[in-house]
Amino acid sequence: MHKILVTGSGGQLGSDLVIALRRLYGTSHVIESGWREPSHHSNLSTYETLDVTHRPSLDAIIQHHQVDTIYHLAGVLSAKGEQQPDRCWDVNINGLRNVLEAAKTFQLQVFFPSSIAVFGPHTPKFDTTQITIEDPSTMYGITKVTRELLCHYYAHHFGVDVRSLRLPGIISYSAFPGGGTTDFAVEIFHAALASGTYTCFVRPETRLPMMYMPDAIRAILGIMQADASAIKIRSSYNIAAVSFSAAELVAEIQTHLPQFTCRYAPDFRQAIADSWPSVIDDSKARADWGWQHQYDLAAIVKDMLQQLEATRREVCRHA
Ligand code: SER
């Protein structure tokens, strides 16, 4: 049975991935970790405080828990990365390097989430193929390209079983994203239900690739469970579900909440969004290991509103 370490487990992806992994492998087989001290909710036997840039701490946790698999989610996202570029480089690059070195030493399997942020202003915007121009304009994107190259290098030179996906914006109801450019697509739901209005930080026509969290979790588990021979790309796979503009998202929410209004006040994140593709070609992931998404825009919006409503009712009941 696998013994799994999840770095950055308190983040948007980690919060849901840990639940899915525990369901599959059992609670005691999934160790959460993050730079924060454990909260009072943490189960101390399955939570470790970890700064991923500190290799000895990482090695100690791996050895102590006899870890054989790492989901390396710790990282600084695109918008925060522009505000703290040094930290973005340090955490994203040195953190992954430490994980890959540990994987080489202890023969671990690794998952690493890359991003559509590897692409840049000269990348074709539509049907962006697996191999194309990568000229990211953000520090975050620069670290993702470098990290993909590191993954490829460690896989081919040292036989490390590392697997990766270029994730689009992820939409989820259970945890907020932490400082990304696609965060508007999550914030908008909370605002729609709380106040009936939202100020969006990208223009209405901004079209980006997005994915609902259940699809993202299936994609991550799918690539990790696939036979090693099916994984032909060791840098990172293009992966996609839906693409929609901010205005289309607003219109879909309005089919459920007709009074909802959105105004637009683009900020520095507009330029980041403009540098990313609108529609990704993920045919390699579909062909190599059978990727298929389930949620389109209508299904995402319906489920998000239902789930957030249910949470709000629950909170009111306990207030
Ligand atoms: N969701 C991420 C971000 O906006 C993209 O990788 O930074």
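Whatever order the structure lists them in is the order used to number ligands and atoms, beginning at 1.
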Distance filter under 4.0 Å to Trp276 heavy atoms, resulting ligand 1 atoms: 3 (C), 4 (O), 5 (C), 7 (O)

Can you find a side-chain donor-acceptor pair between Glu205 and Ser245 that sits under 3.5 Å? no

Contact partition for Phe184 relative to ligand 1, non-hydrogen atoms under 4.0 Å: neither

Closest approach of any protein heavy atom to atom 1 (N) of ligand 1, naming residue and atom: Thr182 OG1, 2.7 Å

Straight-line distance of Thr206 OG1 to Phe201 CZ, nearest 0.5 Å: 10.0 Å

Please determine, by modelled atom types, if Gln270 and Asp274 share a side-chain donor-acceptor pair under 3.5 angstrom. yes

Is a side-chain donor-acceptor pair under 3.5 Å present for Asp16 with Ser174? yes

Atom 5 (C) of ligand 1: which protein heavy atom is closest, and how many Å away? Ser115 OG, 3.4 Å

Quick one: which of Gly81, Ala79, Ser78 has a heavy atom closest to atom 7 (O) of ligand 1? Ser78

In the protein, what heavy atom is nearest to atom 4 (O) of ligand 1, and what distance, to one decimal place, separates them? Thr181 N, 2.6 Å

Nearest 0.5 angstrom please: Ser164 OG to Leu96 CG, how far? 9.0 Å

